[in-house]
Amino acid sequence: MPKIHPTAIIEEGVTIGDGTSVWDSVHIRHGATIGEECIVGEKSYIAYDVKIGNRVKINAMVYICAAVTIEDGVMISASTTFTNDRFPRATTPDLQQLRSSEPDEHTLPTLVREGATIGAGCTIGNDLTIGRWAMIGMGSLVTKSVPDFHLAVGSPARSIGAVCRCGEMIHKFGEDPASIIECRCGLRYTVDGHAVTELENNRRPGTA
Ligand SMILES: [Zn+2]
């Protein structure tokens, strides 16, 4: 059974998996799906039809808009905001009508792949993917896709190195153009330019 704080608002048609905790004043809109053993921190907002995998950690005051998909094992730190509208206007051009907040053809998707981490206070653009096990530094503005295992920081965010599944930075881009790198934790990767690939034996069952 999930554990839901009595002040949380869970709309109709929401699915929440076993072992997931939803803390105070969280609002989860209709049709959203949240997997097992997740944590949704206080005062976070999850829009309609958002899909969230298993063992995802969402800190306090995180805003997740429609058209966002979050895979297993992702961490989203406090006060991070997702966006999905390339043409954000409140009204029609004559100011006479509020524009609908329902998703339309300008609502662009964002995908956060498994194991990725988004630091505190980030803003995440749309029509992009944050790759597997990538890490976004605190306070970053993400405007384009971030490849697997990249550490990206800044405003706009740019990739400065490679991170291990364990979170350790293992390589600074610009040094040693192609090499095999072993993290302190024992996992191994090849880095060729900005392409980071993990070696097959990193995917042992029961690890990661
Ligand atoms: Zn490691």
Side-chain angles (χ1 to χ4, degrees), residues 17 20 33-41 44 50-59 62 64 67-82 109-208:
T20 287
T33 304
I34 300 175
E36 298 177 357
E37 299 174 31
C38 296
I39 296 172
V40 182
S44 286
V50 164
K51 288 184 178 54
I52 294 174
N54 300 318
R55 289 171 290 285
V56 170
K57 226 185 229 189
I58 296 170
N59 290 161
V62 169
I64 302 177
V68 171
T69 301
I70 294 168
E71 293 186 349
D72 294 348
V74 167
M75 173 161 175
I76 303 173
S77 304
S79 296
T80 282
T81 298
F82 286 80
T110 301
L111 172 62
V112 185
R113 301 289 321 271
E114 62 179 21
T117 296
I118 299 173
C122 288
T123 303
I124 312 297
N126 47 55
D127 198 19
L128 60 81
T129 296
I130 294 176
R132 297 172 53 248
W133 302 96
M135 189 172 289
I136 312 299
M138 59 186 178
S140 296
L141 170 66
V142 178
T143 57
K144 59 184 172 60
S145 290
V146 176
D148 296 352
F149 299 104
H150 275 210
L151 170 63
V153 299
S155 178
R158 59 186 186 88
S159 295
I160 58 167
V163 280
C164 180
R165 283 180 180 241
C166 75
E168 189 90 28
M169 185 177 183
I170 53 171
H171 179 77
K172 256 189 185 169
F173 290 139
E175 296 173 354
D176 303 332
S179 59
I180 292 180
I181 292 163
E182 181 168 334
C183 179
R184 282 198 282 189
C185 74
L187 297 180
R188 297 167 81 213
Y189 301 83
T190 57
V191 178
D192 185 359
H194 282 197
V196 183
T197 313
E198 62 183 330
L199 298 187
E200 216 35 59
N201 61 2
N202 281 2
R203 300 190 195 95
R204 296 182 302 261
T207 62

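Counting only distance, with no hydrogens or angles, the side chain of Asn59 and the backbone of Gly41 share no donor-acceptor pair below 3.5 Å. Under a 3.5 Å cut-off, the side chain of Thr80 and the backbone N or O of Gly119 do form a donor-acceptor pair. The backbone N or O of Gly154 lies less than 3.5 Å from a partner atom in the side chain of Ser140, making a donor-acceptor pair. Looking only at distances, no side-chain donor or acceptor of Thr190 sits under 3.5 Å from a matching main-chain atom of Ile180. Side-chain atoms of Asp72 never come within 3.5 Å of backbone atoms of Gly53 as a donor-acceptor pair (strictly under, hydrogens ignored). Panel note: side chain Thr117, backbone Met135; no donor-acceptor pair is recorded below 3.5 Å. Between the side chain of Ser145 and the backbone N or O of Gly131, no donor-acceptor pair lies under 3.5 Å. In terms of modelled atom types and a separation under 3.5 Å, the side chain of His150 and the main chain of His194 share a donor-acceptor contact. Side chain of Ser79 to main chain of Gly121: no donor-acceptor pair is present (N/O by atom type, distance under 3.5 Å, no hydrogens or angles).
For Glu182, the side-chain hydrogen bond (donor to acceptor under 3.5 Å, both in side chains) test picks out no residue, with sequence neighbours left out. Under the side-chain hydrogen bond (donor to acceptor under 3.5 Å, both in side chains) criterion, Arg113 pairs with Glu71, not counting sequence neighbours.
Using a 30° and 60° split on the angle between ring planes, Tyr189 and Phe149 fall in the perpendicular class, above 60°.
With rounding to the nearest 0.5 angstrom, the CZ atom of Arg165 is 4.0 Å from the CD atom of Glu198. Distance check, rounded to the nearest 0.5 Å: CD1 of Ile136 to CG of Leu151 gives 8.0 Å. Atoms CD1 and NZ, from Ile39 and Lys57 in turn, are 5.5 Å apart once rounded to the nearest 0.5 Å.
Here the closest non-hydrogen pair linking Cys122 and Gly139 is SG-N, 3.8 Å.
A heavy-atom distance below 4.5 Å is found between the side chains of Ile64 and Ile58.
Under a cut-off of 6.0 angstrom, the local environment of CE in Met169 is crowded, with over 12 non-hydrogen atoms contributed by other residues, nucleotides or ligands.
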